[in-house]
Each structure stands twice: as C-alpha cells, then as structure tokens.
Amino acid sequence: SCTGGMLGERFTSVPGSSDYFGGGFITYSNEMKIELLGVPPETLRQFGAVSRETAEAMATGARRRAKSTYALAITGVAGPGGGSESKPVGTVYVALADAGGVHVANRRFLGDRARIRVFTTQLALDLLRRRLEGRP
C-alpha cells in the first residue's frame, strides 16, 4: 500500500508480462484492505496497517482473491509524514504468499519518498526471485 501501485508498474514495464502477471490491488486505506483483501479489522486494530500481521493478511488475501500461485503485499510508511516513534518513515513490510505459507520481510529504508518506494518494490521483487530460485 505504500508504493501506490509501483510494484505493478515494475512488473508490467517488461514486455510479455501478461504471461505471468495477472493483476494487483492498490489498497491504500484500511477500508480497502478489509474490503478487497479480506484483512480482518481486528488485525488492523491490534497491530496497525504497517505491521507484519497486516502484510501477511494482505498477501494471503491477494493470493486467494487473484487465485494466483504467488502474491506480494507491501505496507509501510513512505513519508515524508505519517511516521511515528515505533514506525518511523521508511518502515516497510513486504509479504510473499504461496502454497507453502507466507514469508514477511521488514526493513527500514532511509531517504526520501521516491527512494523508499523504489527500494521497497526492489525488496518485493527480490523476495519473489529468491522464492522462484528455491531460496528462502
């Protein structure tokens, strides 16, 4: 949710991506996370939108709704505002769901909004690459 669709853009900028990329969800608000991805409202209340638990629920819901082999989910604080002491600007969670479960990576990237968004999508693509190569 913190990249506003940039991950989809990175996939679809490659010719032939329709062979492997079925689509995506831009769920910027909590309401959209609940409505489109089935994130339990309790998860958002208890852990917040920017959390491991929410990223996991987003990826699981995206995989289920898209009927896909893999699903990536991103949630974070791209800045420049919106950060807090416990979740400063640059805090991101990226989740990858597949038949084996969900893997979540947490990072804190430094820099401006553009840099944080690019680094976050790169992390997501790298998680998928590693999974496809059979690495954790």
Side-chain angles (χ1 to χ4, degrees):
S1 62
C2 79
T3 66
M6 184 182 277
L7 183 59
E9 189 279 329
R10 299 234 11 224
F11 275 110
T12 60
S13 67
V14 178
S17 58
S18 59
D19 292 342
Y20 55 84
F21 181 75
F25 304 87
I26 302 173
T27 57
Y28 226 61
S29 70
N30 286 350
E31 293 78 17
M32 296 300 281
K33 287 174 179 61
I34 294 165
E35 193 69 27
L36 293 178
L37 301 179
V39 174
E42 312 81 61
T43 299
L44 292 163
R45 275 194 298 276
Q46 184 174 357
F47 302 104
V50 179
S51 66
R52 173 176 299 278
E53 295 80 5
T54 296
E56 183 175 319
M58 289 171 66
T60 300
R63 183 170 181 266
R64 182 178 60 252
R65 297 279 161 89
K67 298 180 174 97
S68 62
T69 304
Y70 300 98
L72 289 162
I74 294 171
T75 186
V77 185
S84 67
E85 190 173 317
S86 62
K87 296 175 188 175
V89 169
T91 301
V92 299
Y93 292 88
V94 177
L96 170 64
D98 64 15
V102 183
H103 173 73
V104 181
N106 169 231
R107 301 285 189 279
R108 177 156 182 237
F109 296 121
L110 301 177
D112 63 11
R113 181 177 184 81
R115 185 174 192 268
I116 291 166
R117 292 173 71 224
V118 168
F119 276 43
T120 300
T121 57
Q122 193 62 40
L123 172 61
L125 292 170
D126 190 53
L127 286 177
L128 180 59
R129 179 188 62 84
R130 289 171 180 269
R131 174 63 77 204
L132 293 171
E133 291 176 344
R135 297 191 292 162

**OP:** Mind telling me whether Phe21 and Phe11 have parallel, tilted or perpendicular rings, with 30° and 60° as the class edges?
**Re:** parallel
Subject >> Under 3.5 Å: donor-acceptor pair, side chain of Thr54, backbone of Gly48 >> reply: yes
Original post:
Any donor and acceptor pair, going by atom type alone, linking the side chain of Arg117 with main-chain N or O of Ala78 inside 3.5 Å?
Top reply: no
Original post:
Side chains of Ile74 and Met6: does their closest heavy-atom pair fall under 4.5 Å?
Top reply: no
Subject >> Expected output: side-chain Lys87 to main-chain Val77 donor-acceptor under 3.5 Å >> reply: no
Subject >> Taking every non-hydrogen atom, the tightest pair across Pro40 and Ala57 >> reply: CD-CB, 4.1 Å
Subject >> From Thr3 atom OG1 to Ile26 atom CD1, the distance as rounded to the nearest 0.5 Å >> reply: 8.0 Å
Subject >> Polar side-chain atom of Asn106 near backbone of Val92 as donor-acceptor pair, under 3.5 Å >> reply: yes
Original post:
Salt bridge or not for Asp112 and Arg115, using N-O below 4.0 Å?
Top reply: no
Original post:
Between Leu123, Val118, Val89, which is the residue that forms a side chain to side chain contact (heavy atoms under 4.5 Å, CB included) with Phe109?
Top reply: Leu123
**OP:** Give the minimum heavy-atom separation between Val104 and Ala95, together with the two atoms involved.
**Re:** CG2-CB, 3.9 Å
Original post:
Is there a donor-acceptor pair closer than 3.5 Å between any side-chain N or O of Arg63 and the backbone N or O of Ser68?
Top reply: yes
Original post:
Under 3.5 Å, is there a donor-acceptor pair between the side chain of Thr75 and the main chain of Ala49?
Top reply: yes
**OP:** Look at the side chain of Arg108 and the backbone N and O of Gly90, then say whether any donor-acceptor pair between them is shorter than 3.5 Å.
**Re:** no
**OP:** For the residue pair Val39 and Asn30, establish whether any side-chain heavy-atom pair is separated by less than 4.5 Å.
**Re:** no
Original post:
Around atom CD of Glu9, are there more than 12 heavy atoms of other residues, nucleotides or ligands at under 6.0 Å?
Top reply: yes
Subject >> Closest non-hydrogen atom pair between His103 and Leu127, with its separation >> reply: CD2-CD2, 3.7 Å
Original post:
Does Val102 share a hydrophobic cluster with Leu128, counting links as ILVMFWY side-chain heavy atoms below 4.5 Å and allowing steps through other members?
Top reply: yes
Original post:
Between Leu36 and Arg65, which heavy-atom pair has the shortest distance, and what is it?
Top reply: O-NH1, 2.5 Å
Subject >> Minimum side-chain heavy-atom gap Asp126-Arg129 below 4.5 Å >> reply: yes
Subject >> Path from Leu44 to Phe25 over hydrophobic side-chain contacts below 4.5 Å >> reply: yes
Subject >> Contact summary for Tyr93 and Ala55, nearest pair of heavy atoms >> reply: CB-CB, 3.8 Å
Subject >> Hydrophobic cluster identity match, Met32 and Tyr28, side-chain contacts under 4.5 Å >> reply: no
Subject >> Co-membership, hydrophobic cluster, residues Val14 and Leu72, 4.5 Å side-chain >> reply: yes
Subject >> Distance (rounded to the nearest 0.5 Å) between Ile34 CD1 and Glu42 CD >> reply: 8.5 Å
**OP:** Decide whether Leu110 and Phe119 are clustered together by the hydrophobic rule: side chain heavy atoms of Ile, Leu, Val, Met, Phe, Trp, Tyr closer than 4.5 Å, transitively.
**Re:** no
**OP:** Calculate, to the nearest 0.5 Å, the distance between atoms SG and CZ belonging to Cys2 and Arg113 respectively.
**Re:** 8.0 Å
Original post:
Minimum heavy-atom separation for Thr121 to Leu7, with atom names?
Top reply: CG2-N, 3.7 Å
